[in-house]
**Student:** 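Have a look at the structure that comes next, please.
These numbers come from a predicted model, not from an experiment.
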Amino acid sequence: MPARPIHEPRRDDCPWCGSKRLRTRLRTPDLRLGRPGTFTVDACEDCAHTFQNPRLTPEGLALYGSTAAEEPADTRRLRAVARTVLRHVAEPESWLDVGTGEGRFPEAAREVFPYTSFDGLDPTARVVRARDAERVEEAHVGSLTDPRVLAGLRGRYDVVSMLHHLEHTRDPRHELWAARSALRPGGLLLLELPDPASASADLLGKWWPSYDQPRHLHLIPLPNLRAELAAQGWHVLGTDRRAAHVPRDLTAATALYLTRKGFLAPPAPLLTLARAADHTLSPAARRTRFANAYRVIARKESGR
């Protein structure tokens with residue numbers, strides 16, 4: 001039996017707005033895991049949506065993402081993300097973290113919301129390990145857009161979080177609709193995404209860690225996401241680039257570059273220098289186009 005293809009056919013239109021005005025933003029190998037292949041990232045000249053083209057098939061995604069390890073958790077930062085919800089609800093009863101992996105975010109968020117029931121959803125068995133470690137109460141393996149999964153989650157949650165999740169999904173719009181279904185009326189959606197408008201993306205090119213090819217399929221500009229949320233009936237309560245910025249671009253780019261050049265272990269002094277630069281520049285980066293991510297919190301309107 002012939003091997004199944006790992007790429008879909010290349011498309012000639014934007015998956016977000018349908019425009020035919022596309023440009024190639026970059027071509028890159030798999031810099032992080034070093035697996036074979038070259039991957040193309042295109043951008044739409046009309047809406048600025050940035051996407052992998054041609055896109056990996058589900059089989060391709062399983063091949064290239066199956067052993068991708070999670071980055072070490074920054075518990076302090078994760079607690080700060082959870083506190084975003086405090087401005088809008090004092091103590092949610094139930095919370096679903098989508099793309100939870102090992103459950104590090106629910107573990108940190110429980111320190112802010114000790115009486116909240118946290119469940120996790122992930123396409124891998126890591127969420128089962130998170131349940132076994134008591135970081136989540138219920139572990140759901142699969143996709144929120146799978147009707148069989150969503151049937152058991154519909155209308156159960158006060159908060160749904162998707163932290164650096166949408167960029168991995170084949171259909172981000174469908175994910176947002178599914179999140180609406182999982183929420184109770186008036187429930188909150190908490191999102192964080194890499195920002196393709198970041199000046200770091202232009203400065204670092206393929207070494208910008210948030211490109212992370214071939215695992216990131218869509219990089220969605222904030223105006224596009226806001227418009228889609230409004231079209232689906234969400235009320236956007238707030239957006240934030242400053243708080244969402246993670247000071248890691250120079251450190252990660254340096255590590256990727258040195259690894260690509262043959263260093264099995266990148267020299268510690270260079271990484272220390274890059275890390276110091278990231279943290280020194282972070283206050284300015286947060287206030288400029290060098291912010292590398294954004295955060296959105298939205299409410300499911302009761303009447304829609």
**Student:** Please tell me if the side chains of Arg79 and Thr75 come closer than 4.5 Å, counting only heavy atoms from C-beta onward.
**Tutor:** yes
**Student:** Using the rule that two of Ile, Leu, Val, Met, Phe, Trp, Tyr join whenever any of their side-chain heavy atoms come within less than 4.5 Å, decide whether Leu96 and Leu163 are in one cluster.
**Tutor:** no
**Student:** Spell out, yes or no, whether Trp16 and Phe51 are grouped together once hydrophobic residues are joined by side-chain heavy atoms under 4.5 Å, including indirect joins.
**Tutor:** no
**Student:** Using the rule given for side chain to side chain donor-acceptor pair (under 3.5 Å), can you reason through Ser200 versus Asn292, listing the C-alpha separation, both sets of side-chain angles and the distance that settles it, and then say yes or no?
**Tutor:** CA-CA 7 Å; Ser200 292; Asn292 57 19; over 6 Å; no
**Student:** Please evaluate residues Asp74 and Arg248 with respect to the criterion salt bridge (charged side-chain N to carboxylate O under 4.0 Å, His left out), reporting the C-alpha separation (whole Å), side-chain torsions for both, the decisive distance (0.1 Å), and the verdict.
**Tutor:** CA-CA 12 Å; Asp74 182 344; Arg248 71 180 189 114; over 6 Å; no
**Student:** Looking only at heavy atoms, what is the nearest atom pair of Thr116 and Arg110, with distance?
**Tutor:**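 Looks like O-NE, 4.5 Å.
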**Student:** Arg295 side chain to Ala243 main-chain N or O, any donor-acceptor pair under 3.5 Å?
**Tutor:** yes
**Student:** Counting distance only, does the side-chain N/O of Arg135 pair as donor-acceptor with the main-chain N or O of Val127 below 3.5 Å?
**Tutor:**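 Flag not set: sc Arg135 to bb Val127 has no pair under 3.5 Å.
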**Student:** Decide yes or no on side-chain contact (heavy atoms from CB on, under 4.5 Å) for Glu192 and Ser161, but give the supporting numbers first.
**Tutor:** CA-CA 9 Å; Glu192 273 196 359; Ser161 52; over 6 Å; no
**Student:** Does one hydrophobic cluster hold both Leu217 and Tyr64, with members joined at side-chain heavy-atom distances below 4.5 Å?
**Tutor:** yes
**Student:** Applying salt bridge (charged side-chain N to carboxylate O under 4.0 Å, His left out), run through Arg126 and Glu102 and close with a yes or a no.
**Tutor:** CA-CA 5 Å; Arg126 291 181 297 181; Glu102 300 278 358; 5.2 Å; no
**Student:** For the CG atom of Asp278 and the OG1 atom of Thr254, what is their distance to the nearest 0.5 Å?
**Tutor:**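 Going from CG on Asp278 over to OG1 on Thr254, the span is 8.0 Å.
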**Student:** Grab the two heavy atoms, one from Leu22 and one from Cys14, that are nearest each other, plus how far apart they are.
**Tutor:**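 Nearest heavy atoms, Leu22 then Cys14: CD2-N, 3.8 Å.
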**Student:** Using 0.5 Å steps for rounding, measure from the CG atom of Leu225 to the OG1 atom of Thr239.
**Tutor:** 10.0 Å
**Student:** With no hydrogens and no angle check, do the side chains of Arg286 and Ser282 hold a donor and an acceptor under 3.5 Å apart?
**Tutor:** yes
**Student:** Answer yes or no: is there a donor N or O on one side and an acceptor on the other, between the side chain of Thr259 and the main chain of Ala255, under 3.5 Å?
**Tutor:** yes
**Student:** Please confirm whether the backbone N or O of Leu183 pairs with a side-chain atom of Lys300, one donor and one acceptor, at under 3.5 Å?
**Tutor:** yes
**Student:** Show the numbers, then the answer: is there a salt bridge (charged side-chain N to carboxylate O under 4.0 Å, His left out) between Arg173 and Asp171?
**Tutor:** CA-CA 6 Å; Arg173 281 188 170 109; Asp171 189 345; over 6 Å; no
**Student:** Treating Arg180 as the side-chain partner and Leu176 as the backbone partner, does any N or O pair qualify as donor plus acceptor under 3.5 Å?
**Tutor:** no
**Student:** At what distance, to the nearest 0.5 angstrom, does NE2 of His216 lie from OG of Ser210?
**Tutor:** 6.5 Å
**Student:** Do Val85 and Val98 sit in one hydrophobic cluster, given that two such residues count as connected whenever their side-chain heavy atoms are within less than 4.5 Å of each other, even indirectly?
**Tutor:**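 No, it is not one cluster - the side chains of Val85 and Val98 are not joined through contacts under 4.5 Å.
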**Student:** Could you give me the CA-CA distance, side-chain angles and deciding distance for Arg156 and Asp119, then say whether side-chain contact (heavy atoms from CB on, under 4.5 Å) is met?
**Tutor:** CA-CA 11 Å; Arg156 288 183 51 188; Asp119 296 341; 3.5 Å; yes
**Student:** Test your reading of the model: is there a side-chain donor-acceptor pair from Ser198 to the backbone of Ala291, 3.5 Å cut-off?
**Tutor:**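 Pair found, side chain donor or acceptor close to backbone of Ala291.
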**Student:** Output the distance between atom CZ (Phe39) and atom CZ (Arg27), rounded to the nearest 0.5 Å.
**Tutor:**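 The CZ atom of Phe39 sits 13.5 Å away from the CZ atom of Arg27.
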**Student:** Of Leu144, Leu193, Asp97, Leu190, which is the lone residue that meets side chain to side chain contact (heavy atoms under 4.5 Å, CB included) with Met162?
**Tutor:**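 So, applying the side chain to side chain contact (heavy atoms under 4.5 Å, CB included) to Met162 and each of Leu144, Leu193, Asp97, Leu190, only Leu144 qualifies.
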**Student:** Heavy atoms only: give me the nearest Arg184-Gly155 pair and the separation to one decimal.
**Tutor:**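 Smallest heavy-atom distance, with atoms named: CG-O, 3.2 Å.
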**Student:** Stepwise, does the side chain to side chain donor-acceptor pair (under 3.5 Å) test hold for Arg21 with Ser19?
**Tutor:** CA-CA 5 Å; Arg21 300 180 63 231; Ser19 171; 5.5 Å; no
**Student:** Salt bridge (charged side-chain N to carboxylate O under 4.0 Å, His left out) for Arg215 and Asp30? Distances and angles first, verdict last.
**Tutor:** CA-CA 9 Å; Arg215 285 156 290 277; Asp30 181 354; 2.7 Å; yes
**Student:** Does the side-chain contact (heavy atoms from CB on, under 4.5 Å) test come out yes or no for Arg242 and Arg287, once each step is laid out?
**Tutor:** CA-CA 6 Å; Arg242 292 186 182 185; Arg287 292 167 171 78; 3.6 Å; yes
**Student:** Verify the distance criterion only: is there a donor paired with an acceptor across the side chains of Ser117 and Glu93 at less than 3.5 Å?
**Tutor:**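 Checked: Ser117/Glu93 side chains show no N/O donor-acceptor pair below 3.5 Å.
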**Student:** Between Tyr211 and Leu219, is the side-chain contact (heavy atoms from CB on, under 4.5 Å) condition met? List the steps.
**Tutor:** CA-CA 8 Å; Tyr211 278 128; Leu219 296 175; 3.7 Å; yes
**Student:** Test His218 against every option in Gln52, His49, His168, Arg170 by the side chain to side chain donor-acceptor pair (under 3.5 Å) rule and name the one that passes.
**Tutor:** His49
**Student:** Look up atom CG in Leu189 and atom CH2 in Trp234, then write down how far apart they are to the nearest 0.5 Å.
**Tutor:** 4.5 Å
**Student:** Do Leu237 and Val81 belong together in a cluster built from hydrophobic side chains that touch within less than 4.5 Å?
**Tutor:**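 Both belong to a single hydrophobic cluster.
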**Student:** Could you report the tightest heavy-atom contact between Pro172 and Ile220, atom names first, then the distance?
**Tutor:**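 Minimum heavy-atom contact is CB-CD1, 3.8 Å.
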**Student:** Short question: side chain of Glu59, backbone of Thr57 - any donor-acceptor pair under 3.5 Å?
**Tutor:** no
**Student:** How long is the span from the CZ atom in Arg10 to the OG1 atom in Thr40, to the nearest 0.5 Å?
**Tutor:**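 It is 5.5 Å, given to the nearest 0.5 Å.
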